[in-house]
Student: 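What follows is a structure written as structure tokens; I'll ask about it next.
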Amino acid sequence: MRHALDFVLVTLVLTDLVLLGSSRLTACIRLVAAQGVLLAFLPLALTWPELEVAAMALAASTLLVKGVAFPLVLERAMRDARARREIEPFVGYTPSLLVGLGMLGAGTWLADRLSADVVRSPLMVPVALSMILTGLFFVISRKKAVSQVLGYLVLENGTYVLGISLLSETPFLVELGMLLDVFVAVFVMGIAIFQINREFDHIDVDQLDSLKG
Amino acid sequence: MNPSVTFGGPLATALGLVGAPLLLGVINKTKAFFAGRRGPPLLQAYFDLVKLLGKGAVYSRTTTWVFCAGPIVGLAATLVALLFVPLGGVAATFAFQGDLFLVVYLLGLGRFLTVLAALDTGSSFEGMGANREVKFATLAEPTLLLALLALIRVAGSPWSLSPTLGNISTASSLGTAPVIGLVAVALVVLLLSENSRIPVDDPNTHLELTMIHEVMVLDHGGPDLAFILYGAALKLWLFATLLAGIVVPVRTGNLAVDLGATTLVALAVGVVVGIVESSMARLRLIHVTHLLVGALVLAAVALLLAVGWSR
């Protein structure tokens, strides 16, 4: 199962990087949905030989919330806002990719410093940290509100991987609670995007500053 | 080191010297098959080389010795680089600590002289080709180095190409498959861009505005052009065998089996290149940069993962 776990982690890193390099919002939403589906495999891969009910419940709810519900909510918000692509991000796509590489390097270095005991795969902590950093960077480097929600989701996916990897006895109830929190947050953000769009006819967060007073 | 291995290196090099133009033939046959044509004979590249070597060369009065040195140094650099690249599990003729840097910089030296020769003609088109070649090389060279470093890290071997490729075997490849896969994808992009194939450059086009490599060698003729063609074939062979040695690691220890298997896979790489060329159009120059940056990122991710693993 170690190999399957590594494969999932590497694919997570790659989806992060593709996300940083793509401008179409639909593609970005699909990528984050794919991340959600990949995350659903993690609890199963970790407890592999025996199939615990809690792990299966977590996998199923992750798949349902991150793989199905979020993309639907976000695509709806995007369609309502008539926003197809990120027009001019603060950091261009190619520099973003290089920053993503830097984040992976930083994650590897940080994981080394943490010296967390690696029971499953030595890649888990570096990948989790790099996902958190990439999510944060995505939030600050993009202008569209939908992209910022996506950045928040990547950040949250990172904490999910970190939570699973650092706790030897993963309290699945805590993970389920977090999932519920995130679900509510994304739901609220979807509504907020709709409201911003109705009020200002765009979801360019950058321009909201200038409307004050 | 047993005698068969030391004997294998020169044999592998000789195989490369003889077989390299065949790879061009395989690519052209594949393209012809997809286009529904019969295509040029499999050995057309050999005929071309013989024909060109029999011709005289014409030199423009504006050119200097640099123009003549370009093809010679280009071919010589690639020939020397070939001596250090193992053919799959068969160790290369020469190997020492850090030979991968020598290989990368020998290829760089060949490119540098080709570019200088192109600039020496004073033609604006050739200057444009040189400009593009160097621009893409700045992205391709670090990618090659990062990919090779990732391989060395995964194989856990000394800093040399031959033991590294020798250590990558089918038995150990399952755990390291993600890194090997990333390196292989990066190497495929490199193979296409470094050997001026579609989607980076079109080897058949003769419209100067879109060419990269072909436009640089427009003014060369006769034996000079033969040297350039042969050098390009050797470079393609070098990349194809490197890729073959990584993707299908046949390490039986039997010299004939190892050599044959890797050579066959290298020819299969030629078929893949032909399929890519038949099914894709040349990318716009601005997108070539994105493609190469993508390959660079993949190679860097492979290296970081390899470092993370061996912690």
Side-chain angles (χ1 to χ4, degrees), chain A residues 1-24 38 91-131 133-134 161 165, chain B residues 135-136 138-147 149-151 153-154 156 168-189 193 283-311:
Chain A
M1 228 38 213
R2 163 77 196 281
H3 298 323
L5 191 60
D6 282 349
F7 180 75
V8 169
L9 291 172
V10 172
T11 320
L12 280 175
V13 171
L14 291 183
T15 48
D16 259 6
L17 290 171
V18 178
L19 187 69
L20 283 174
S22 50
S23 69
R24 279 176 197 283
L38 284 170
V91 184
Y93 302 110
T94 308
S96 296
L97 266 179
L98 297 179
V99 170
L101 260 188
M103 298 296 183
L104 187 58
T108 313
W109 179 75
L110 264 180
D112 223 23
R113 298 289 301 244
L114 277 176
S115 67
D117 51 329
V118 279
V119 270
R120 280 87 179 220
S121 161
L123 285 183
M124 275 196 103
V125 180
V127 168
L129 290 173
S130 82
M131 281 175 78
L133 292 173
T134 309
V161 178
S165 63
Chain B
K135 179 184 170 195
F136 297 142
T138 51
L139 291 168
E141 260 171 33
T143 309
L144 182 57
L145 268 181
L146 287 174
L149 286 178
L151 279 184
R153 192 78 202 205
V154 159
I168 299 171
S169 61
T170 35
S172 72
S173 69
L174 191 59
T176 55
V179 171
I180 302 276
L182 290 174
V183 168
V185 173
L187 276 182
V188 168
V189 174
S193 88
L283 289 174
R284 276 160 58 197
L285 286 174
I286 189 168
H287 290 159
V288 172
T289 322
H290 296 166
L291 182 75
L292 286 173
V293 169
L296 177 73
V297 167
L298 285 184
V301 168
L303 180 59
L304 279 173
L305 290 179
V307 170
W309 241 300
S310 49
R311 240 179 341 117

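By convention in this document, chain letters (A, B, ...) are assigned in the order of the sequence lines, proteins followed by strands, and residues within each chain are numbered from 1.
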Student: Heavy atoms only: give me the nearest B:Leu304-A:Gly105 pair and the separation to one decimal.
Tutor: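 Minimum heavy-atom contact is CD1-N, 3.6 Å.
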Student: Can you tell me how far apart CG (B:Leu296) and CG (A:Leu98) are? Round to the nearest 0.5 Å.
Tutor: 7.0 Å
Student: At a heavy-atom separation under 4.5 Å, does B:Leu298 approach chain A through its side chain, its backbone, both, or neither?
Tutor: side chain
Student: Quick one: are B:Leu182 and A:Leu14 in side-chain contact, heavy atoms under 4.5 Å?
Tutor: yes
Student: Between B:Val293 and chain A, with a heavy-atom cut-off of 4.5 Å, which part of the residue counts as in contact: side chain, backbone, both or neither?
Tutor: side chain
Student: Considering only heavy atoms from C-beta outward, does the side chain of B:Thr289 approach that of A:Thr94 to under 4.5 Å?
Tutor: no
Student: Please classify the contact between A:Leu101 and chain B as side chain, backbone, both or neither, with a heavy-atom cut-off of under 4.5 Å.
Tutor: both
